[in-house]
Amino acid sequence: QVQLVESGGGLVQAGDSLRLSCKFSGSAFSRYDMGWFRQTPGKDREFVAALNWDGGRTTYADSVKGRFTISRDNGEAMVYLQMNSLEIEDTAVYYCAADIDGGWGAARLPQHYDYWGRGTQVTVST
């Protein structure tokens, strides 16, 4: 059974940085594509970034490209989201997700993922 636990969220000011972490529990972490999504009240879950199983492919939402970086440590079964130059619009609950079924072309779609964490709140203030 796979479990994902996010951490690292908090309250920061616009322009600050945060690094989110996602701890994967279960087997065969290195076979999973990993993604980060975010959600605000009343809105659909929004794609942020994804990273394939060996770290060789990444994709980002246009809104975060150049500011956010996704990475993974297969030895530690961790995924990270480094967020720089945070903006008020980045305020959301951030979720980590894992997929083992393949299909990198669908990495931006929530339905691509098999497992989800419970999320960590990021609040960016002026």
Side-chain angles (χ1 to χ4, degrees):
Q1 183 67 23
V2 171
Q3 289 188 325
L4 303 172
V5 178
E6 303 93 338
S7 61
L11 172 63
V12 297
Q13 292 187 322
D16 285 351
S17 297
L18 271 179
R19 188 177 80 154
L20 303 184
S21 300
C22 173
K23 176 62 180 175
F24 176 104
S25 298
S27 61
F29 171 71
S30 61
R31 295 173 57 194
Y32 283 80
D33 294 341
M34 300 298 296
W36 285 97
F37 289 76
R38 64 189 182 187
Q39 191 169 22
T40 54
K43 293 190 177 181
D44 292 337
R45 199 161 290 189
E46 175 191 24
F47 170 75
V48 175
L51 179 67
N52 80 325
W53 62 276
D54 69 354
R57 293 183 177 184
T58 58
T59 184
Y60 295 91
D62 288 344
S63 59
V64 307
K65 198 173 296 182
R67 299 188 298 122
F68 290 11
T69 303
I70 187 172
S71 62
R72 68 190 295 158
D73 183 337
N74 282 353
E76 296 294 327
M78 296 288 295
V79 180
Y80 304 100
L81 185 69
Q82 178 66 43
M83 306 187 295
N84 298 330
S85 302
L86 282 162
E87 302 170 354
I88 294 173
E89 292 75 19
D90 296 319
T91 296
V93 177
Y94 283 71
Y95 297 91
C96 176
D99 168 72
I100 196 172
D101 298 326
W104 177 247
R108 290 170 170 250
L109 302 178
Q111 54 266 38
H112 174 71
Y113 294 87
D114 304 304
Y115 302 99
W116 292 84
R118 299 183 70 174
T120 185
Q121 175 71 46
V122 172
T123 303
V124 184
S125 66
T126 56

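Heavy atoms only: backbone and side chains are in, while hydrogens, waters and symmetry mates are out. Heads up: numbering here begins at 1 and tracks the sequence.
Grouping the Ile, Leu, Val, Met, Phe, Trp and Tyr side chains by contacts below 4.5 angstrom, directly or via other members, places L81 with V124. In the hydrophobic clustering of ILVMFWY residues, with side-chain heavy atoms under 4.5 Å counting as a link, Y113 and Y95 come out together. Hydrophobic clustering (ILVMFWY, side-chain heavy atoms < 4.5 Å, transitive): I100 and W116 are in distinct clusters. The hydrophobic clustering, which links ILVMFWY residues whose side-chain heavy atoms are closer than 4.5 Å, places Y94 and V12 together. Linking ILVMFWY residues whenever their side-chain heavy atoms come closer than 4.5 Å, directly or via other members, places L51 and Y115 in the same cluster.
To the nearest 0.5 Å, atoms OG1 (T59) and CG (N52) are separated by 11.0 Å. Here the straight-line distance linking atom CD of E46 with atom CZ of R38 works out to 4.5 Å at 0.5 Å rounding. Here E76 contributes atom CD and K23 contributes atom NZ; the two are 6.0 Å apart, rounded to the nearest 0.5 Å. Atoms CD and OG, on Q1 and S27 in that order, are 10.5 Å from each other to the nearest 0.5 Å.
Remark: side-chain polar atoms of R67 are paired, donor with acceptor, to backbone N or O of S63 under 3.5 angstrom. In this structure, the side chain of R108 does not engage the main chain of F47 through any donor-acceptor pair within 3.5 Å. Looking at E6, its side chain does come within 3.5 Å of a backbone N or O of R118 through a donor-acceptor pair. Remark: side-chain polar atoms of T120 are not paired, donor with acceptor, to backbone N or O of S7 under 3.5 angstrom.
No side-chain heavy atom of M83 sits less than 4.5 Å from a side-chain heavy atom of D90. S125 places a side-chain heavy atom less than 4.5 Å from the side chain of L11. Contact annotation: the side chain of I70 approaches that of V79 to within less than 4.5 Å [non-hydrogen atoms, C-beta and beyond]. Put simply, the side chain of V93 does not reach to within 4.5 Å of the side chain of F37, judged on heavy atoms.
The minimum heavy-atom distance linking Y60 with F68 is given by the pair CE2-O, 3.2 Å. Listed here is the closest heavy atom pair of A106 and H112: O-CB, 3.2 Å. Among all heavy-atom pairs drawn from Q13 and T126, the shortest one is NE2-O, 4.1 Å. For the residue pair Y32 and A98, the shortest heavy atom distance occurs at CD2-CB, 3.7 Å. Smallest separation of non-hydrogen atoms from S17 and S85: OG-N, 4.2 Å. W36 and S21 get closest at one heavy-atom pair: CH2-O, 3.7 Å.
By the 6.0 Å contact criterion, CD on Q121 is enclosed, its count of non-hydrogen atoms from other residues, nucleotides or ligands being greater than 12.
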Let me see the working for V122 and L18 under side chain to side chain contact (heavy atoms under 4.5 Å, CB included), right down to the final yes or no. CA-CA 9 Å; V122 172; L18 271 179; 4.0 Å; yes
Intermediate values then yes/no, salt bridge (charged side-chain N to carboxylate O under 4.0 Å, His left out), D33 and R57: CA-CA 9 Å; D33 294 341; R57 293 183 177 184; over 6 Å; no
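For the pair R72 and F24, the cation-pi criterion (under 6.0 Å, within 45° of the ring axis) is not fulfilled.
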